[in-house]
J.: 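Before I ask anything, let me first share the structure, which is written out below as structure tokens.
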Amino acid sequence: MGLIISLQLTPCLPPIAASAQVSREDLEGLEHHRSVRQRAGVLQSIDVPDTSAIRWDTPVIGTWDLLDSSDREEDSSGAAPVDETTLRERIETLPRELLIPYDSRLEAQVNTYVVRHAGALRGILGKYRHYESMMRAAFRRQGIPEELAALALVESAMNPLALSPAGARGIWQFMPGTARRYGLRCDSTVDDRLDVVKATDAAARYLKAAYRRFGDWSLAISSYNCGPSSVENAIRKAGSRKFWDIYPYLPRETKGYVPAFIAALYSVRFHSLHGIEPRRQAETPMTVFIITREMTFDEVIEATGISRDELRRLNPQYLRGKIPGNEEPHPLRIPRDLAKLFRDNIDAMTDLQYDRN
């Protein structure tokens with residue numbers, strides 16, 4: 001029988017080690033190992049809440065797209081824009097280390113979120129609540145402000161399947177090269193940018209490294225959008241490291257990025273004062289199995305009866321319906337009520353497979 005270690009955890013999602021890239025030499029070694037190895041089954045299972053059981057029936061459009069759009073259908077709350085005095089007072093209660101000096105451009109961004117796009121914000125904040133505890137824990141582990149989790153609102157509107165025209169993908173909108181530098185596997189078989197847990201851990205590590213480089217959160221956040229070299233170039237041209245001083249020299253698409261982050265922070269904290277309540281998301285508990293052998297979606301379907309569509313929805317990172325656990329351990333998410341069936345049947349199926357061999 002395959003080794004299964006069942007761990008009961010609190011609702012907070014556990015860290016999962018980031019996938020390393022496998023070289024040609026590694027693959028050749030793994031191929032040899034497979035020819036002589038002992039059977040490797042399911043290593044462990046971890047019960048957690050389902051962070052993927054969200055309906056994605058709205059267009060794939062990030063908050064950032066909304067900010068720069070002037071021709072989309074309005075979903076205004078009908079409320080009056082927040083006035084400058086009130087906005088200043090409220091912004092001053094946000095984490096001071098993440099703030100930039102008040103400017104009228106902040107006012108415009110905040111009102112874009114809570115007035116002009118209140119309808120979209122309800123859904124976005126509902127998804128944010130769904131992932132919030134996991135994301136905050138990831139940032140806390142890196143020793144950086146937990147409130148940085150709100151940056152995901154700006155990046156993808158909390159859509160783990162978001163794909164930008166430039167090829168950035170996932171809830172944290174990593175480009176392939178950056179994803180690989182931060183330990184995310186990104187190839188034709190597995191795209192870890194679509195794994196919310198792994199992508200969030202990578203985003204936290206990126207931001208931590210950026211802060212070490214710049215010593216200022218507004219600069220670190222800017223670099224997440226346009227890259228560190230663009231920020232350094234803006235600093236050289238401005239002769240200053242202050243955000244509003246370098247603002248004219250930042251790429252056009254980055255200029256509103258930090259103000260948008262402040263608006264996202266404001267929305268997370270003060271949405272109820274604008275009559276905006278997060279739209280509740282479906283919560284389906286699930287179990288995460290760490291797979292240490294090659295396993296196909298067909299095997300999982302045969303073992304559990306889960307539909308292929310649901311299996312893909314819970315595990316979108318496996319682009320070809322195959323989990324390459326023989327190369328390195330990979331997570332498999334299935335509804336918790338199917339966990340025992342999976343444990344029992346996958347071991348029986350694996351035993352039969354090896355008996356035949």
Side-chain angles (χ1 to χ4, degrees), residues 62-69 79-118 121 124-125 128 136 139 142-155 203-204 206-274 276:
T63 307
W64 192 234
D65 296 319
L66 293 174
L67 292 176
D68 289 334
S69 173
V82 60
D83 65 88
E84 179 181 341
T85 301
T86 301
L87 184 58
R88 281 179 179 270
E89 291 174 352
R90 291 175 184 172
I91 285 180
E92 286 177 359
T93 69
L94 299 175
R96 189 164 297 278
E97 62 185 319
L98 299 178
L99 298 183
I100 54 179
Y102 187 87
D103 183 274
S104 61
R105 284 164 284 197
L106 288 179
E107 185 177 343
Q109 293 284 30
V110 168
N111 283 311
T112 294
Y113 274 67
V114 300
V115 177
R116 183 179 174 192
H117 293 296
L121 188 60
I124 293 168
L125 288 175
Y128 176 78
R136 282 180 170 268
F139 286 98
Q142 294 300 324
I144 60 179
E146 296 176 28
E147 292 82 2
L148 287 164
L151 194 60
L153 275 72
V154 184
E155 281 295 319
Y206 180 105
L207 287 164
K208 181 177 182 177
Y211 182 74
R212 285 178 172 172
R213 183 168 186 167
F214 294 108
D216 180 279
W217 280 115
S218 66
L219 303 183
I221 291 168
S222 295
S223 78
Y224 193 93
N225 180 255
C226 65
S229 60
S230 292
V231 174
E232 289 175 343
N233 183 53
I235 290 171
R236 284 194 298 271
K237 289 180 177 179
S240 170
R241 300 179 68 84
K242 296 179 179 179
F243 177 76
W244 290 118
D245 289 344
I246 73 167
Y247 178 89
Y249 304 102
L250 289 171
R252 184 182 65 82
E253 66 274 12
T254 305
K255 288 181 177 179
Y257 192 72
V258 173
F261 169 66
I262 303 302
L265 278 180
Y266 177 94
S267 300
V268 168
R269 177 76 65 85
F270 296 111
H271 59 83
S272 61
L273 298 181
H274 295 269
I276 300 170

J.: How close do Cys226 and Thr254 get, heavy atom to heavy atom, and via which atoms?
T.: CB-OG1, 3.1 Å
J.: Please lay out, stage by stage, how Tyr257 and Glu155 fare under the test side-chain hydrogen bond (donor to acceptor under 3.5 Å, both in side chains).
T.: CA-CA 9 Å; Tyr257 192 72; Glu155 281 295 319; 2.2 Å; yes
J.: Nearest 0.5 Å please: distance from the CG atom of Asn111 over to the CZ atom of Arg116.
T.: 11.5 Å
J.: Which atom names give the shortest non-hydrogen contact between Pro101 and Trp244, and what distance separates them?
T.: O-NE1, 2.8 Å
J.: Nearest 0.5 angstrom please: Leu219 CG to Leu250 CG, how far?
T.: 8.5 Å
J.: Where do Ile91 and Leu99 come nearest, in terms of heavy atoms and distance?
T.: O-CD1, 3.3 Å
J.: Any heavy-atom pair between the side chains of Tyr128 and Ile124 that's under 4.5 Å?
T.: no
J.: Measuring from Ser218:OG to Tyr211:OH, what's the distance to the nearest 0.5 Å?
T.: 10.0 Å
J.: Would you say Lys208's side chain and Gln142's backbone share a donor-acceptor pair under 3.5 angstrom?
T.: yes
J.: Could you give me the CA-CA distance, side-chain angles and deciding distance for Arg241 and Asp216, then say whether side-chain contact (heavy atoms from CB on, under 4.5 Å) is met?
T.: CA-CA 8 Å; Arg241 300 179 68 84; Asp216 180 279; 6.0 Å; no
J.: Before giving the answer on side-chain contact (heavy atoms from CB on, under 4.5 Å), spell out for Glu147 and Leu94 the whole-Å C-alpha distance, their side-chain angles and the decisive distance to 0.1 Å.
T.: CA-CA 9 Å; Glu147 292 82 2; Leu94 299 175; over 6 Å; no
J.: With the side chain counted from C-beta on, respond yes when Val114 and His271 share a heavy-atom pair under 4.5 Å apart, and no when they do not.
T.: no
J.: Between Tyr206 and Tyr224, what is the ring plane arrangement, given parallel below 30°, perpendicular above 60°, and tilted in between?
T.: perpendicular
J.: What are the two closest heavy atoms between Lys255 and Tyr247, and how far apart are they?
T.: O-CE1, 2.9 Å
J.: Decide yes or no for Leu207 and Trp217: does some side-chain heavy atom of the first lie under 4.5 Å from some side-chain heavy atom of the second?
T.: yes
J.: Can you check side-chain contact (heavy atoms from CB on, under 4.5 Å) on Leu153 and Leu125, steps first, answer last?
T.: CA-CA 8 Å; Leu153 275 72; Leu125 288 175; 3.9 Å; yes
J.: Would you say the ring centroid of Tyr113 lies under 6.0 angstrom from that of His274?
T.: no
J.: Rounded to the nearest 0.5 Å, what separates atom CD1 in Ile262 from atom CG in Leu87?
T.: 10.5 Å
J.: Hey, what do you get for CZ (Phe270) to CD1 (Ile276), rounding to the nearest 0.5 Å?
T.: 13.0 Å
J.: Once you round to the nearest 0.5 Å, how far does CD of Glu84 lie from CD of Glu89?
T.: 11.0 Å
J.: Determine which pairs satisfy salt bridge (Lys or Arg N to Asp or Glu O under 4.0 Å) with at least one residue from residues 95-111, sequence neighbours left out, and list them in order.
T.: Asp103-Arg105
J.: Can you check side-chain contact (heavy atoms from CB on, under 4.5 Å) on Arg90 and Leu273, steps first, answer last?
T.: CA-CA 11 Å; Arg90 291 175 184 172; Leu273 298 181; 3.7 Å; yes
J.: Show the nearest heavy-atom pair for residues Phe139 and Ala149, with the distance to one decimal.
T.: CE1-CA, 3.6 Å
J.: Please give me the minimum heavy-atom distance between Ser240 and Asp245, naming the atom from each residue.
T.: OG-OD2, 2.8 Å
